Amino acid sequence: MEGPSIVILKEEVQLFNGKEVQHVKGYGKFNHKRMLHKKVIYFKSWGKQFLVCFDGFTLWIHFGLFGSYKISATKTINAKLSLVFDNGELNCYVCSIKFIDEPLDEVYDWRLDMLSEKWNPKYVKQVLMEKKEDVQIGDLLLDAKIFSGVGNIIRNEVLYRTKVHPESLLGKIPSRKITEIIRQTHLYSLDFLKWRKRGELAKHWKVYKQTTCDKRHPVIKKDTGKTKRRSFICETCMVKYD
DNA sequence: ACGGTTGTTAGGCC
DNA sequence: AGGCCTAACAACCG
C-alpha cells in the first residue's frame, strides 16, 4: 500500500475518532490490553505508516506489500489486529504492528510526508542532496526516509512523467530535473489519491505494467538498482543521466 | 498452478 | 561501524 492508500484509510476510519476501544483481537504478538478501553484521540499517517494515537502512546501499523484492512467487515483469513468499537471495527491483515512511545513530532518530520500539509519540497531536496552522488534515482525514490509515501507505482510513473531513467545517478541529474521529480512525487500522489477513490488507478498507468508508452515505444521491464525493484522503462523517452 | 508483488525490518556476515 | 545480503511476513492476482 502506497501513501495515498493510507490517506484513504485515515478518512475511512473517521467514524472511530474519539471512540473507546471495546475489544482488541487478532493473532499479532503485541500488548492487546494496552489499547483496551482507551480512546482513540485521532488517526494520523506518515507516508505508508498508519498511526492510531492514544493518550501517551501511538499504535503503528504498516501494511507492507501484502497487507490489507476491512472496516466493519471481515476476510476469510485471520486478522492480525482487530480494534472493536461500539459502532464498528477495524480489521488489519498481514501487517506489521508496534507501539511508539515518543511524541510523534519527535519521531516524524512532517516536511517529508508528501501528503501532509507541511510537506516541503525544498526540504526534501535538501535531504536528497545529502545522499551520495553515485546512487540511482530509482533507489532514492524508494527511500521512505526521503520520499515518504512513494511506492513502486508512484516511482515508475513519476520517472516516466519527468522522463528520467531510474538508473540515472543523483550527481548527474540537472538540479532543475531533481526539483521536477520532487514536485511530481507530490502531484502524482494527489492524482493517485483521486484515481484510487474512483477505482480507476490502473487506467491511468503510463508505464507501470505497460508494454508500450504513450508514444507507442516499447516499455522494458527491468529490476534496477540496489533495491532490485521492478522498473518499467521507455528507453526512447527517458534520459539516463550517468 | 505458480511466479510476481502497491514494502519494511531484523539479523547475520564480513 | 556500516554496507550488503537474505529471510520473514504469508495474501492475492492472473
Side-chain angles (χ1 to χ4, degrees), chain A residues 1-12 26-30 45-51 58-70 73-82 91-100 102 107-108 112-115 130-136 138-161 166 170 184-211 219-233:
Chain A
M1 253 190 253
E2 305 199 20
S5 300
I6 302 302
V7 170
I8 292 171
L9 165 59
K10 212 164 57 176
E11 290 174 10
E12 289 177 343
Y27 69 84
K29 288 184 177 67
F30 53 87
S45 63
W46 190 82
K48 303 164 197 168
Q49 311 177 19
F50 180 56
L51 306 163
T58 300
L59 173 68
W60 176 97
I61 303 171
H62 200 297
F63 292 94
L65 214 45
F66 311 126
S68 62
Y69 65 89
K70 286 278 183 187
T74 54
K75 301 180 72 163
T76 51
I77 57 167
N78 293 325
K80 184 145 192 181
L81 164 71
S82 183
N91 296 310
C92 300
Y93 306 91
V94 198
C95 52
S96 305
I97 289 167
K98 66 180 183 184
F99 292 109
I100 296 176
E102 297 84 9
V107 180
Y108 297 114
L112 296 173
D113 176 9
M114 70 185 57
L115 288 164
E130 283 166 9
K131 296 288 167 180
K132 289 185 191 138
E133 291 193 344
D134 63 345
V135 181
Q136 295 184 9
D139 282 342
L140 290 164
L141 279 164
L142 286 174
D143 186 335
K145 292 189 177 72
I146 308 171
F147 293 103
S148 167
V150 169
N152 204 26
I153 296 173
I154 297 174
R155 173 179 83 114
N156 273 284
E157 291 295 317
V158 164
L159 288 173
Y160 179 69
R161 277 188 173 186
L170 179 64
Q184 281 299 337
T185 61
H186 181 233
L187 294 175
Y188 191 84
S189 295
L190 296 176
D191 281 336
F192 186 121
L193 187 60
K194 176 178 71 190
W195 292 329
R196 168 50 54 99
K197 282 181 181 176
R198 293 182 190 157
E200 56 181 41
L201 185 62
K203 200 169 99 182
H204 298 276
W205 288 339
K206 302 286 189 191
V207 280
Y208 185 75
K209 289 190 175 168
Q210 306 303 302
T211 51
V219 168
I220 62 154
K221 259 193 314 194
K222 186 181 180 190
D223 294 341
T224 62
K226 291 195 175 164
T227 49
K228 294 191 175 71
R229 293 293 298 277
R230 189 69 99 214
S231 291
F232 295 85
I233 305 162

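Per chain, numbering begins at 1; letters A, B, ... match sequence-line order. Predicted model, so just to flag it, every value in this text is computed and none were measured.
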Any ion pair linking A:Lys131 and A:Asp139 (charged N to carboxylate O, less than 4.0 Å)?
no
Among C:dA10, B:dT6, B:dT8, the nucleotide that comes nearest once only the side chain of A:Ala144 is considered
B:dT8
Taking the P atom in each of B:dT6 and C:dC4, what is the distance between them to the nearest angstrom?
23 Å
Output the rounded distance in Å from CG (A:Leu142) to P (B:dT5).
13 Å
Report yes if at least one side-chain N or O of A:His62 is closer than 4.0 Å to OP1 or OP2 of B:dT8; otherwise report no.
yes
What heavy-atom pair brings A:Tyr93 and A:Ala73 nearest, and what distance separates the two atoms?
OH-O, 4.1 Å
Provide the distance between the two P atoms, one in C:dC9 and one in B:dA1, to the nearest whole Å.
24 Å
Just N and O in the side chain of A:Tyr27: are any of them under 4.0 Å from OP1 or OP2 of C:dA10?
yes
Let's see if you can work this out: which of B:dG7, B:dT5, C:dC5 has an atom nearest to the side-chain heavy atoms of A:Asn152?
B:dG7
Is any side-chain nitrogen or oxygen of A:Lys48 closer than 4.0 Å to OP1 or OP2 of B:dT6?
no
Taking atom P of B:dT8 as reference, at what distance in whole Å does atom CG of A:Asp139 sit?
13 Å
Heavy-atom side-chain proximity of A:Phe147 to A:Val158 below 4.5 angstrom:
no
Interatomic distance, A:Asp143 CG vs B:dT8 P [rounded to whole Å]
9 Å
Which part of the nucleic acid does A:Arg196 contact within heavy-atom distance under 4.0 Å: base, sugar-phosphate only, or nothing?
base
Paired with B:dT5: which nucleotide, if any, by Watson-Crick or G-U wobble criteria at under 3.5 Å for both distances?
C:dA11
Could you check whether the rings of A:His62 and A:Trp60 sit parallel, tilted or perpendicular, using 30° and 60° as the cut-offs?
tilted
At under 4.0 Å, does any side-chain N or O of A:Arg229 touch on OP1 or OP2 of B:dT5?
no
Geometric cation-pi criterion A:Lys206 and A:Tyr160, 6.0 Å radius, 45° cone:
no
Work out how far the P atom of C:dA7 is from that of B:dG3, and round it to whole angstrom.
16 Å
Are A:Lys75 and C:dC12 close enough that a side-chain N or O sits under 4.0 Å from OP1 or OP2?
yes
